[in-house]
Amino acid sequence: MKRRNFVKGGAVTVFGAGLPFRGALAQSRYARYAGQTVTFGIPAHPHYDAMLKILPEFTRETGIKVDVDKLAMGRMKEKHLLEMAKPQGDYDLVSYVVMWKGEYVAKNLIHPLERFLKNPALADPAYDLNDIVPIYLENLGMVGGPKGYLAGPGAQLYGLPYGAETSVLAYRRDIFARHNLQPPANYDDFARLLRLLKDKEGIGALASRGQAGHQCVHAWLLHLNPLGGSVFDDGWKVRFNDEAGVKALKFLQEVVATGPAGIPAYGQGESNTAFLQGQAAMYLDSTSLAGLVNDPSKSRIAGKVSWALHPMGARRASQSGGLGLAIPRNAKNADAGFLLMQWLTSKAQDKACTRAGGTPVRNSTLVDAELVRQYPEFITFREALKYSNPDWRPIIPVWDKINVQALGVGISEALTGKKTAEAALNDLVAPVTQIMREGGYKA
């Protein structure tokens, strides 16, 4: 990927050209890297939009320039895999979706972080890795432990969370007050509210993703886990078509029937927009929405939204997922890439990005008194993190293939009325089992 390819696509942002940096630089860990350029691959995503607002400060502090390649989420993995497979790629730091971490490690494409974190010439002694929300660190960063992706014996840290999330319920406080309603505490209440809100308000009850592929699987998983289901049992045998799996898919079908028009074509952006533009009374998905809700330039419902825990089903559970940062093994400027990673996820910059509309990954940010006054929803988010499940989805190397090519097709067929929930899930057993066998998993 040559420089002209960045410019042609309109994706390059050069931070640091002509910016003065601070006099203490010569004595800092950054001195030997001043003048280098970190090429950073990021998604089009609200958290990274917020990050771009603070990024020039990195160059002012360090003298390290940053080229940003911003891509639509659907294109990012393909391009990053292509670059990281070369003897030397053009990326020094990449963002990745949680589902990709196992595949990236299995293909030996990203560095374990220990050598950077234990290098006194690079590591910031005030960084405090333990302050990062533990579930985020495990879910997005750990590979090689139990099941291949959980913390425990054999696990190594390959990435840091940045744009991490859990699931919460956002709801229109004004609409609920008008009809004397309470946010749903459990799935029975949740199901009743879907039809009631649709009938009383004439708008969608719940905004949701539903697009074929990863998006509709994400939406189904939001209900599968609380309802007691799982994709596989502990022996890697398919169980997604059991009672809990079918119940979750039928619930999602009802979400489509009572939601804003077009859910079977909605990705995350469309689902966010439907809620932000007042087309739905509720939203159940990522905490990343929080930075958008009260921004009048993006939201027509500013000041009208309250937050609640993910409703309880057979168990209390909330999502673990989102985005992380990793350093390609073939990076030209890996050390400078680590310095940017460390800076972005530091205590000070986590707060700065949050103020700019990003999603915090540190406990110290979530309990900061000033930020909690500004974002009182952090109280709910902290509670939701107690129930965030690191095994929300099986983050194994073949998961993305299962997610996109199998489950993402069958669940879409159920949401578009081509198949019943039972038939859609039963028809997926054979192809998913075959993918698992080809990947070396034998139930």
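Nothing here was measured: the structure is a model prediction, and the numbers come from that model. Positions are given from 1, in the same order as the sequence printed here.
Take H45 and apply the ring pair (Phe, Tyr, Trp, His ring centres under 6.0 Å) test, not counting sequence neighbours, and it matches no residue. Taking F176 as the reference, Y171 meet the ring pair (Phe, Tyr, Trp, His ring centres under 6.0 Å) condition, with sequence neighbours excluded. Residues satisfying the salt bridge (Lys or Arg N to Asp or Glu O under 4.0 Å) test with E78, not counting sequence neighbours, are none.
Relative orientation of the Y162 and H47 rings is perpendicular, given thresholds of 30° and 60° on the angle between their planes. Between F240 and W220, the ring planes are perpendicular. Angles over 60° get that label, and only those under 30° would be called parallel. Under the 30°/60° scheme for interplanar angles, the aromatic rings of Y187 and F190 are found to stand perpendicular.
With 3.5 Å as the limit, one finds no donor-acceptor pair spanning the side chains of D67 and T37. Judged by distance alone, the side chains of D350 and T365 do bring a donor and an acceptor atom under 3.5 Å apart. Between Q374 and E370, the side chains place no donor N or O within less than 3.5 Å of an acceptor N or O (distance only, hydrogens not considered). In the model, S271 has no side-chain atom that pairs as donor or acceptor with a side-chain atom of Y283 under 3.5 Å. Neither side chain, T166 nor T287, offers a donor N or O lying under 3.5 Å from an acceptor on the other. Residues D131 and N363 bring no donor and acceptor atom of their side chains to less than 3.5 Å of each other.
Checked against a 6.0 Å centroid threshold, the rings of Y91 and H80 count as neighbours.
The distance from the CD atom of E165 to the CG atom of L323 is 7.0 Å, given to the nearest 0.5 Å. Atoms CG and CG, on L344 and L55 in that order, are 6.5 Å from each other to the nearest 0.5 Å. Here L428 contributes atom CG and I411 contributes atom CD1; the two are 7.0 Å apart, rounded to the nearest 0.5 Å.
Atom CZ of R75 has 12 or fewer neighbouring heavy atoms from other residues, nucleotides or ligands inside a 6.0 Å radius.
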For this session: Under the side-chain contact (heavy atoms from CB on, under 4.5 Å) rule, what do D285 and H218 come out as? Steps first, then yes or no, please.
Result: CA-CA 9 Å; D285 204 321; H218 177 97; 2.9 Å; yes
Exercise. For N139 and W392, what are the C-alpha separation, side-chain angles and deciding distance, and is it a side-chain contact (heavy atoms from CB on, under 4.5 Å)?
Worked result: CA-CA 9 Å; N139 181 240; W392 188 258; 5.7 Å; no
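For the pair R209 and Y266, the cation-pi test (distance below 6.0 Å, angle within 45°) is failed.
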